[in-house]
Amino acid sequence: MSNQNQVKAKKHLGQHFLNDENIAEKIANAISLDGYKDVLEIGPGMGVLTKYLLKKDITTHVIEIDRESVEYLKNNYLNLANRIYDKDFLKHDLTQIFEDKQFAIIGNFPYNISTQIVFKTLEMRHQIPEFSGMFQKEVAQRICSKEGSKVYGILSVLTQAFYDAEYLFTVPPSVFNPPPKIDSGVLLLKRKEDFTLPCDEKLFFKVVKTGFQQRRKTLRNSLKTFNLSDNLKANTIFGQRPEQLSVSRFIELTSLIENDTN
């Protein structure tokens, strides 16, 4: 690549440029290309991952907030042409790019917005069948963790309600410029075949978030604001703490609350 040192990583954007070709290729190969024709890479930087995506039988789009990186990509990836979006992923209406089409998301995500990227993906789950990316290791582990784990929480439950989550591999700091102070982790999310919930989905989000706000308390105490009937509160599920409940049990809990009559 020409001008390889042109783009300097910017601390305020949380940039750490991956410089290991094998890892970039592994991340690109993590997605199956099954059920969609488009992929959106978030924060491509200088395109170390992008070039492997461009080799695939898929239409690659990239979204980048750093103007310097945008200029670099325009100069070095002529085959991306008009699919480089100088936008903030978190604020941009992605239907302007994809309309109602299905698309995958991929990227080496800035640590400071990685969880927000997941939440936006969940909001658009009807259009995003697959998601692969690099996170701070502990965040990737949290997303993929199961009940009973100390790191199991809101992100774990909400993501796994709609996606099968798999932790793929750990990436050391040494393969980045500048190197972060912690390990990174790559994960894969594959949307479930049936990703509609048998309960009110808005209520489900509210129950999960409220339950984990006081994770050391039993659900009987942490869900007091729901004004549950005494009859319902007698159910043994309310004697448990949120991290003890699997995703399916949270769905069951939401249904119980939904059908509660005072």
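For Asp183 against Pro173, the heavy-atom pair with the smallest separation is OD1-CD, 3.2 Å. Here the closest heavy-atom approach between residue Asn177 and residue Asn19 is recorded as CB-ND2, 3.8 Å. What you find for Gly211 and Leu219 is that their closest heavy atoms are CA-CD2, 4.2 Å. The shortest non-hydrogen separation linking Gly45 to Glu64 is N-OE1, 3.0 Å. The shortest non-hydrogen separation linking Gly239 to Thr218 is O-CG2, 3.5 Å. Across all their heavy atoms, Ala24 and Leu49 have their closest contact at O-CD1, 3.3 Å.
Applying the side chain to side chain donor-acceptor pair (under 3.5 Å) rule to pairs touching residues 199-213 yields Arg125-Glu201, sequence neighbours excluded. Listed by first and then second residue, the side chain to side chain donor-acceptor pair (under 3.5 Å) pairs that reach into residues 233-243 are Gln240-Arg249, Arg241-Glu243, sequence neighbours excluded.
Listed by chain and number, the residues in a salt bridge (charged side-chain N to carboxylate O under 4.0 Å, His left out) with Arg67 are Asp86 (sequence neighbours excluded). Under the rule for a salt bridge (charged side-chain N to carboxylate O under 4.0 Å, His left out), the partners of Arg142 that lie at least two apart in sequence or sit in another chain are Glu138. Shown here are the salt bridge (charged side-chain N to carboxylate O under 4.0 Å, His left out) partners of Lys190, two or more places apart in sequence or in another chain: Glu130. Every residue meeting the ring-ring contact (aromatic ring centres under 6.0 Å, His included) condition with Phe103, not counting sequence neighbours, appears here in chain and number order: Phe98.
Distance check, rounded to the nearest 0.5 Å: CG of Leu94 to CD1 of Ile63 gives 6.0 Å. In this structure, CD1 in Ile182 is found 10.5 Å from NZ in Lys137, a value given to the nearest 0.5 Å. Interatomic distance, CD of Gln116 versus CD1 of Ile113, reported as 6.5 Å (0.5 Å rounding). The CD1 atom of Ile257 sits 10.0 Å away from atom SG of Cys199, with the distance rounded to the nearest 0.5 Å. The CG atom of Leu253 sits 5.0 Å away from atom CZ of Phe238, with the distance rounded to the nearest 0.5 Å. Between the CD1 atom in Ile154 and the OG1 atom in Thr159 there is a gap of 11.0 Å [rounded to 0.5 Å].
Thr59 is not listed as a side-chain neighbour of Val39, based on a closest heavy-atom distance of 4.5 Å or more. Two residues are said to be in side-chain contact when any heavy atoms from C-beta on lie closer than 4.5 Å; Ile106 and Leu53 meet this criterion. Side chains of Asn108 and Phe176 form a contact here, defined as non-hydrogen atoms less than 4.5 Å apart. Inter-residue side-chain proximity for Lys74 and Ile84 is flagged as met; some heavy-atom pair is nearer than 4.5 Å. With a 4.5 Å cut-off on side-chain heavy atoms, Ser174 and Pro179 do not count as touching. The side-chain heavy atoms of Asn29 and Glu25, taken from C-beta on, include a pair separated by under 4.5 Å.
A 6.0 Å sphere centred on NZ of Lys37 holds no more than 12 heavy atoms belonging to other residues, nucleotides or ligands. Around NZ of Lys120, the count of heavy atoms belonging to other residues, nucleotides or ligands within 6.0 Å exceeds 12. Counting non-hydrogen atoms of neighbouring residues, nucleotides and ligands closer than 6.0 angstrom, the CG atom of Asn231 reaches no more than 12 such neighbours. At most 12 non-hydrogen atoms from other residues, nucleotides or ligands lie less than 6.0 angstrom from CG of Asp34. Heavy atoms of other residues, nucleotides or ligands lying less than 6.0 angstrom from NZ of Lys56 number more than 12.
A donor and an acceptor atom, one from each side chain of Tyr85 and His61, are located under 3.5 Å apart. For the residue pair Ser246/Glu147, the side-chain donor-acceptor check at 3.5 Å is not satisfied. A side-chain donor from one of Ser184 and Tyr111 sits under 3.5 Å from a side-chain acceptor of the other. No side-chain N or O of Asn112 forms a donor-acceptor pair with one of Ser114 less than 3.5 Å apart. For the 3.5 Å distance criterion, the side chains of Glu21 and Tyr52 qualify, holding a donor opposite an acceptor. In this model, a donor atom of one side chain and an acceptor atom of the other lie less than 3.5 Å apart for Ser229 and Asp260.
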For Val62 and Tyr77, what are the C-alpha separation, side-chain angles and deciding distance, and is it a side-chain contact (heavy atoms from CB on, under 4.5 Å)? CA-CA 11 Å; Val62 300; Tyr77 292 88; over 6 Å; no
Are Thr225 and Asn227 close enough, and set up right, to give a side-chain hydrogen bond (donor to acceptor under 3.5 Å, both in side chains), and what steps lead you there? CA-CA 5 Å; Thr225 54; Asn227 296 318; over 6 Å; no
Report the C-alpha separation of Arg191 and Gln102 in whole Å, then their side-chain angles, then the decisive distance to 0.1 Å, and conclude whether the side-chain contact (heavy atoms from CB on, under 4.5 Å) test is met. CA-CA 12 Å; Arg191 192 176 61 198; Gln102 300 284 296; 2.9 Å; yes
Walk me through it: do Ile117 and Leu90 pass the test side-chain contact (heavy atoms from CB on, under 4.5 Å)? CA-CA 7 Å; Ile117 289 170; Leu90 295 177; 4.2 Å; yes
Trace of the side-chain contact (heavy atoms from CB on, under 4.5 Å) decision for Thr95 with Ile97: CA-CA 5 Å; Thr95 59; Ile97 300 172; over 6 Å; no
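Residues Val139 and Val175 fall into different hydrophobic clusters, defined by Ile, Leu, Val, Met, Phe, Trp and Tyr side chains chained together at heavy-atom separations under 4.5 Å. Under the 4.5 Å side-chain heavy-atom criterion for ILVMFWY residues, no single connected hydrophobic cluster contains both Tyr167 and Phe131. Linking ILVMFWY side-chain heavy atoms closer than 4.5 Å, directly or via other members, places Val48 and Leu40 in two distinct hydrophobic clusters. A chain of hydrophobic side-chain contacts below 4.5 Å, direct or via other Ile, Leu, Val, Met, Phe, Trp or Tyr residues, connects Val118 to Leu187. No chain of hydrophobic side-chain contacts below 4.5 Å, direct or via other Ile, Leu, Val, Met, Phe, Trp or Tyr residues, connects Leu18 to Phe89.
Cation-pi geometry between Lys146 and Tyr152 is not satisfied (NZ or CZ under 6.0 Å from the ring centre, within 45° of the ring normal). Both the sub-6.0 Å distance and the 45° axial angle are satisfied by Lys26 relative to the ring of Phe169.
Ring to ring, Phe212 and Phe250 are close: their centroids are under 6.0 angstrom apart. Between Phe135 and Phe109, a ring centre-to-centre spacing shorter than 6.0 Å is recorded.
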